[in-house]
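One structure below.
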There are 2 protein chains.
Amino acid sequence: MTTTDRVKVALVEDDRRMREAFRVLIDGSPGFACVAAYGSLEEALHVPAREAPDVVLLDIKLPGMWGSEGVDLVLKRFPGSTVLMLTAFEDETRIIESLCKGASGYILKDTPPARLLEYIREATSGGAPMSPEIARKVVTLFSTFALPQRLDCQMKPQETRLLALLADGYGYQGAAEEMGVSINTVRSHVRSIYEKLQVHSQSEAVTKALRAGLI
Amino acid sequence: MTTTDRVKVALVEDDRRMREAFRVLIDGSPGFACVAAYGSLEEALHVPAREAPDVVLLDIKLPGMWGSEGVDLVLKRFPGSTVLMLTAFEDETRIIESLCKGASGYILKDTPPARLLEYIREATSGGAPMSPEIARKVVTLFSTFALPQRLDCQMKPQETRLLALLADGYGYQGAAEEMGVSINTVRSHVRSIYEKLQVHSQSEAVTKALRAGLI
DNA sequence: GACCGGTTAGCATGTTCATGCGAGGCACCC
DNA sequence: GGGTGCCTCGCATGAACATGCTAACCGGTC
């Protein structure tokens with residue numbers, strides 16, 4: 001079995017013993033290969049892009065830049081890779097930070113080896129493996145955000161879509177193309193949006209819409 | 001083994017055959033007991049509270065009130081229970097709705113029986129079981145939807161103030177008067193704001209600023 | 001059939017914005 | 001003194017926007 005048949009895993013973990021333990025586990029498991037192991041994020045980011053791993057196991061707490069801060073950098077360097085946070089503690093802030101920056105999963109270090117490999121496998125096949133404790137935290141976080149009270153300015157589908165496009169910086173012409181209609185139609189819709197929101201400019205409309213959770 | 005030793009599962013699913021299949025599966029598995037099965041949410045909510053199940057498997061699409069809409073009602077009626085959405089499709093809106101209303105997990109119906117039971121077990125022990133596809137969706141949502149991601153665009157006081165004025169619908173002239181400067185100064189500030197936020201229009205700037213929590 | 005809301009479309013006008021360029025005053029610090 | 005940041009101000013031009021008016025098409029409803 002060559003390296004290309006196996007899931008290429010990179011490891012970023014500052015504790016040497018822990019690092020070696022994981023490396024041994026991964027390399028010793030059929031179907032997995034630990035292609036790299038670093039003690040810091042800075043080191044890991046200097047790897048040639050062609051050696052991109054399939055999965056990066058990233059510790060949260062690292063000397064220098066923390067793992068949770070650098071997820072986006074890792075993904076920028078290895079665009080095709082999947083990042084899994086592998087950490088000992090469950091700090092809500094770090095969980096959010098990691099996920100917001102593009103991590104695909106969040107696994108606790110005390111996960112049994114077999115389970116860990118299963119998680120890595122799941123990550124490569126489009127899943128988002130999370131230790132149960134973490135999963136529950138994420139879900140709970142969701143419910144604390146609650147449903148933003150959307151005021152009843154009954155926007156029509158087209159209008160909402162247009163509003164979103166404008167918010168994202170599209171001009172009339174661009175939005176028109178995106179929606180497959182003429183620029184005059186866009187004007188019409190903008191008009192009715194303004195009436196409903198009682199505003200007279202894009203910025204104000206976008207502000208109201210965002211604050212009302214319409215988009 | 002008495003009922004109390006087993007995980008008490010209630011089922012809300014409109015398709016009769018599907019319902020029976022699940023019931024048989026659950027009742028036929030050691031450690032699990034299907035204590036109730038309903039075809040609609042309205043029926044389920046009429047059950048005496050003392051017969052509260054440990055886990056409620058709730059279909060999204062139901063005649064009458066949809067499962068995703070009624071999660072909070074179920075939890076209100078059975079405060080100690082855990083709700084798992086068990087559904088055939090993965091509609092982003094419904095996922096969000098369900099989780100926001102307190103569901104603990106979200107499982108696709110095509111999950112293998114053994115896996116399903118595992119998920120139910122996981123739910124009772126504080127986890128948040130989700131089918132991989134769903135988990136990934138949730139994680140992705142996190143990074144796009146509800147993130148208080150503040151980018152480090154160190155705005156200067158004047159710029160922040162101006163941004164707020166623009167968001168509130170002021171034009172350049174109005175903002176200038178409000179800030180006690182000339183309209184040209186406003187232009188200058190707008191320029192540097194655009195550079196920092198990497199945008200090219202008011203709407204886009206306002207959107208980014210709002211989403212980043214700058215204003 | 002008649003009516004209505006939603007969608008589409010067009011045109012015209014004046015206003016505002018985005019962005020190019022340049023520049024003076026002030027505070028702070030090496 | 002010279003460098004650096006921040007705030008200020010000016011002008012000009014082409015592009016985009018706000019808003020006025022009008023009107024065809026279509027799926028429902030009364």
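Quick note: numbers below take in every heavy atom, side chains included, and nothing from hydrogens, waters or symmetry partners. Only a predicted model underlies this, so the values are computations on that prediction, with no experimental measurement involved. In what follows, every chain begins at residue 1, and chains take the letters A, B, ... in the order their sequences are listed.
A residue-by-residue look at A:S188 and B:P157 shows that B:P157 has its nearest nucleotide of DNA chain D further toward the 5' end.
If you measure from atom CD1 of B:I193 to atom C1' of C:dC17, you get 14 Å, rounded to the nearest angstrom. Spacing between atom CZ of B:R161 and atom P of D:dT8 amounts to 11 Å, rounded to whole angstrom units. As a whole-Å value, the separation of B:M155 CE from D:dC7 C1' is 16 Å. Spacing between atom CG of A:L197 and atom P of D:dA18 amounts to 13 Å, rounded to whole angstrom units. Straight-line distance from the CG atom of A:L162 to the C1' atom of C:dT7: 13 Å, rounded to whole Å. The interatomic distance linking A:Y172 (OH) with C:dT8 (P) rounds to 16 Å, in whole Å. In this structure, B:I183 places its CD1 atom 13 Å from P of C:dT15, rounding to the nearest Å. Here C:dG6 presents its C1' atom at 14 Å from CD of A:E195, a figure rounded to the nearest Å.
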**OP:** Show the numbers, then the answer: is there a salt bridge (charged side-chain N to carboxylate O under 4.0 Å, His left out) between A:K137 and A:E92?
**Re:** CA-CA 8 Å; A:K137 262 212 164 70; A:E92 205 166 90; 5.4 Å; no

**OP:** Go through the steps to decide whether B:R121 and B:E118 satisfy the test salt bridge (charged side-chain N to carboxylate O under 4.0 Å, His left out), and finish with yes or no.
**Re:** CA-CA 5 Å; B:R121 182 70 74 184; B:E118 205 175 292; over 6 Å; no

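Nearest to the side chain of A:R191, among C:dT8, C:dA9, D:dT19, sits D:dT19.
Phosphate proximity of C:dA18 to B:Y194: present, with a side-chain N or O under 4.0 Å from OP1 or OP2. Distances shorter than 4.0 Å separate some side-chain N or O of A:S182 from OP1 or OP2 on C:dA9. Side-chain N/O atoms of B:N184 include one lying less than 4.0 angstrom from OP1 or OP2 on D:dG10. Proximity of B:Q202 to the phosphate of C:dC17: a side-chain N or O atom is located under 4.0 Å from OP1 or OP2.
If you check every strand for non-hydrogen atoms under 4.0 Å, A:H189 touches a base. Nucleic acid contact for B:Q173: none, since no nucleic acid atom lies under 4.0 Å from a heavy atom of the residue. Within 4.0 Å of A:S201, counting heavy atoms only, lie sugar-phosphate atoms of the nucleic acid but no base atom. Nucleic acid contact for B:T185: base, since at least one base atom lies under 4.0 Å from a heavy atom of the residue.
Salt-bridge annotation for B:E159 and B:K156: present, with a side-chain N of the basic residue lying under 4.0 Å from a carboxylate O of the acidic one. Taking 4.0 Å as the cut-off between side-chain N and carboxylate O, A:D14 and A:R19 do not count as a salt-bridged pair. Ion pairing between A:R94 and A:E97 holds under the 4.0 Å rule for side-chain N and carboxylate O.
A donor-acceptor contact under 3.5 Å is not formed by the side chain of B:R187 with the base of C:dG20.
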